[in-house]
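Single-structure report; data block below.
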4 protein chains.
Amino acid sequence: MDGDKKQERKKALETLTRQGILDAVTALLIRDGIQSLTMDRVATEAGVAKGTLYVYFKNKEEVLYAALDASLEPLVVELSALLTGDSAPDAKLEEFSLCHLRFFDEHQDLIRILYYDREKTYSEKHRYTDERYRTSVRQVAAVLDEGVRRGQFAPLDSLKAAAMFIEANIGMVMQRIHGGDYGGVEKDAQQVTDIFMNGLKRRV
Amino acid sequence: MDGDKKQERKKALETLTRQGILDAVTALLIRDGIQSLTMDRVATEAGVAKGTLYVYFKNKEEVLYAALDASLEPLVVELSALLTGDSAPDAKLEEFSLCHLRFFDEHQDLIRILYYDREKTYSEKHRYTDERYRTSVRQVAAVLDEGVRRGQFAPLDSLKAAAMFIEANIGMVMQRIHGGDYGGVEKDAQQVTDIFMNGLKRRV
Amino acid sequence: MDGDKKQERKKALETLTRQGILDAVTALLIRDGIQSLTMDRVATEAGVAKGTLYVYFKNKEEVLYAALDASLEPLVVELSALLTGDSAPDAKLEEFSLCHLRFFDEHQDLIRILYYDREKTYSEKHRYTDERYRTSVRQVAAVLDEGVRRGQFAPLDSLKAAAMFIEANIGMVMQRIHGGDYGGVEKDAQQVTDIFMNGLKRRV
Amino acid sequence: MDGDKKQERKKALETLTRQGILDAVTALLIRDGIQSLTMDRVATEAGVAKGTLYVYFKNKEEVLYAALDASLEPLVVELSALLTGDSAPDAKLEEFSLCHLRFFDEHQDLIRILYYDREKTYSEKHRYTDERYRTSVRQVAAVLDEGVRRGQFAPLDSLKAAAMFIEANIGMVMQRIHGGDYGGVEKDAQQVTDIFMNGLKRRV
DNA sequence: GATGAATGAGTTTTCATTCAT
DNA sequence: TATGAATGAAAACTCATTCAT
């Protein structure tokens, strides 16, 4: 039967429009920032009518939410897999830095959206970005705790150290962006690792 | 002549109004965030007419800019003094952490304005907050360079490490806020210092 | 041949769809009022695609028109039959009240549609509801005229008295609804009849 | 001092704008009905900017509410005074009819707004019109009760009879409008009175 | 300087209707 | 016939800014 095929093609088309909208949002966000993001512009950029946006999304907030979600999904998934994997704690942190820097090396402009526009994007209920952030903090903290248990790291307040670590990575990314650095990710990841690994290490 | 006195009184009154407006902005910013800051509300909160705002400031952007400036001035001045002072590099970093944490311990809500609302606040030309941030990065980097020169710290990319350090401090503040921590600033500052000092230390 | 059968079945199905749409409209009208009636909701409620509505009806107005028509048809037919029947004028009025109250006792929510949403529903050309109302007025007026001719009622402006009578009945229904009365229709019909019969009666 | 004068003039001007808006709403309501009432048109009709509407009223609902309120205020006040006055019950009802007819004779178009657009105008919370209507019903019912107590009227369900009476008066107005009647108010009021007085009268 | 009424461009959102499949 | 994705005109509402007093 070709009913299935039709269904399939239809679904594909739908996804295409939806994705087109999300891409448009991301593009606009990167190009002009969140302040000047209007539904009008999104529609124009996506090449659809304004009304179409409301066919796929309930309101502006949802579009924004979905777009950020889609953009950051890969990073979130990768980091999460990495942190909850089987490697040793120090290896995990090293990987984390590398992964983080690599992602934003390829998607430099997303950092502005992710970290500069943090919180403001959403209404009070919807702090999704923040939730994602909190999850990262907790996962890193778990890794630190494991390191302490294994005697690799000195005892510490793991949640706070985790926040420090993550933010330090962000700082590194931002500094790279500001300095116009492209490439050389490994060296920078190394520096983060060096400082933190030594800083955390149990001192004998 | 009492022309002078009049002039004086006038000036004093003017300063009072101006300050009143800035205080209103800060209060509103802390209370409701940047999204819901309107000139209308500022005027109401300050107890002046809407038109008065435009007597003292060119436009909304300028009001916001001035208010943030006024709020963060003390911190900026203190950090700047500290970083460009005569202490040893490691002592400076330690002081920096302590000072940073202390300030946001007392003005917890300002961190949201300062770091979450970063960039979005201003138009392209006016990245004042960011400028202030860049200055801090440079100053910390200078301290690190000095530390390297003195052989206290291992060689490093000082700008990047500076960004890491500053962001790590911010991470600590945010974690404190999230955890609802009040007080105990010294212990947390100690953890930042511990990790970074050991991390930066020249290894023999 | 089964062409006929096919045709038949087709027609039956068509009628089913059509009726389903009308039922959906009535249900929505009763549930949420006319303000929130959208073609989208009608389609959803009826379980058909939005486009289908336009297969069976020219536009929203026609759907609404047809739905109200279908809902009120029974009452209109009954009242009309009653008023143009063979009973005596006073009996007719008595029956009218009873019938009117009974109908809206069973379909309480329709009164809102019928009398509150009167006129607003339609464009200038289409005052169908109103037309139906005018017909009722004329029919009741004819009954009154007959009563006058027979010497039962005192001479009067029959159209105006008819309007009064009909509206008085509506007033009774609304009061019943407002008071949350269910049942006891006969007693209330009796009061309408009592007042009007005595009021109209030729005084000797 | 002329500070007072200034204040006065200012207030007068404000009231003028406000009243101008309300007049515009009433005019549009009468001319085109409630369906086509848009804030845009109100602004144009009132000769002010759209934004000005929102300076004086919170939203569309409030404008509508205020306009109807202002239009019907005189009638409501007059009827209320009349019904709660010192006259005998039958005189009150007679006066009511006369007053009611007279008002709508002069403001024929308001009846459409008042009675056709009843309820639909407002959101669920705001049934002001309806509240006004309920008050009238109660006041008339009180008059009827008083008539019963005095032995002028036969015992009855006063609230329901009151609703009947009021609606009958509305029916009369609508019939007059439909018939294009102008003037002759007294005769029509007489008919309402005749029918109801005789209908209500205690029968011996 | 101080006021605050008035502005109007700009924004989000709705929804009846169309049309290619 | 039936679909439902797409449309776009129209509506409500916001708010920084101006300007006459």
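The basis for the numbers below is simple: all heavy atoms, side chains too, and nothing from hydrogens, waters or symmetry mates.
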Query raised in the report: Given atom CD of E62(C) and atom P of dA16(E), what is their separation to the nearest angstrom?
Result: 15 Å
Requested in this report: Quickly work out the I21(C) CD1 to dT1(F) P distance and round it to whole Å.
Outcome: 12 Å
Query raised in the report: If every non-hydrogen atom of L37(C) is compared with every non-hydrogen atom of L28(C), which pair is closest and at what distance?
Result: CD1-CB, 3.6 Å
Query raised in the report: With sequence neighbours excluded, what pairs up with F57(C) under the side-chain contact (heavy atoms from CB on, under 4.5 Å) test?
Result: R18(C), I21(C), L22(C), E62(C), V63(C), A66(C)
Report task. For S36(D), check side-chain contact (heavy atoms from CB on, under 4.5 Å) against everything at least two apart and list the hits. Result -> D32(D), R41(D)
Requested in this report: Taking only the side-chain heavy atoms of Y56(A) (C-beta and beyond), determine which of dA6(F), dT3(E), dG8(E) contains the nearest atom.
Outcome: dA6(F)
Requested in this report: Mind checking side-chain contact (heavy atoms from CB on, under 4.5 Å) for S71(B) and listing every partner two or more places apart, or none if nothing turns up?
Outcome: T26(B), L110(B)
Query raised in the report: What pair of heavy atoms forms the shortest contact from A46(D) to G20(D), and how long is it?
Result: CB-O, 4.0 Å
Query raised in the report: Are any non-hydrogen side-chain atoms of L72(A) and H107(A) less than 4.5 angstrom apart?
Result: no
Query raised in the report: Quick one: what's the B/S/- string for nucleotides 10-15 of chain E, heavy-atom cutoff under 4.0 Å, read 5' to 3'?
Result: BSBBBB
Report task. Name the residue closer to the 5' end of DNA chain E, choosing between L53(D) and A49(B) according to the nucleotide with the nearest heavy atom. Result -> A49(B)
Query raised in the report: Given pairs defined as Watson-Crick or G-U wobble with both distances under 3.5 Å, what dot-bracket annotation applies to DNA chain E, with ( ) intrastrand, [ ] crossing, | other strand and . unpaired?
Result: .||||||||||||||||||||
Query raised in the report: Do any pairs count as a salt bridge (Lys or Arg N to Asp or Glu O under 4.0 Å) and have a residue in residues 20-30 of chain D, sequence neighbours left out, and if so which ones?
Result: none
Query raised in the report: What pairs meet the salt bridge (Lys or Arg N to Asp or Glu O under 4.0 Å) rule with one or both residues in residues 44-57 of chain B, with sequence neighbours excluded?
Result: R31(B)-E45(B), D40(B)-K50(B)
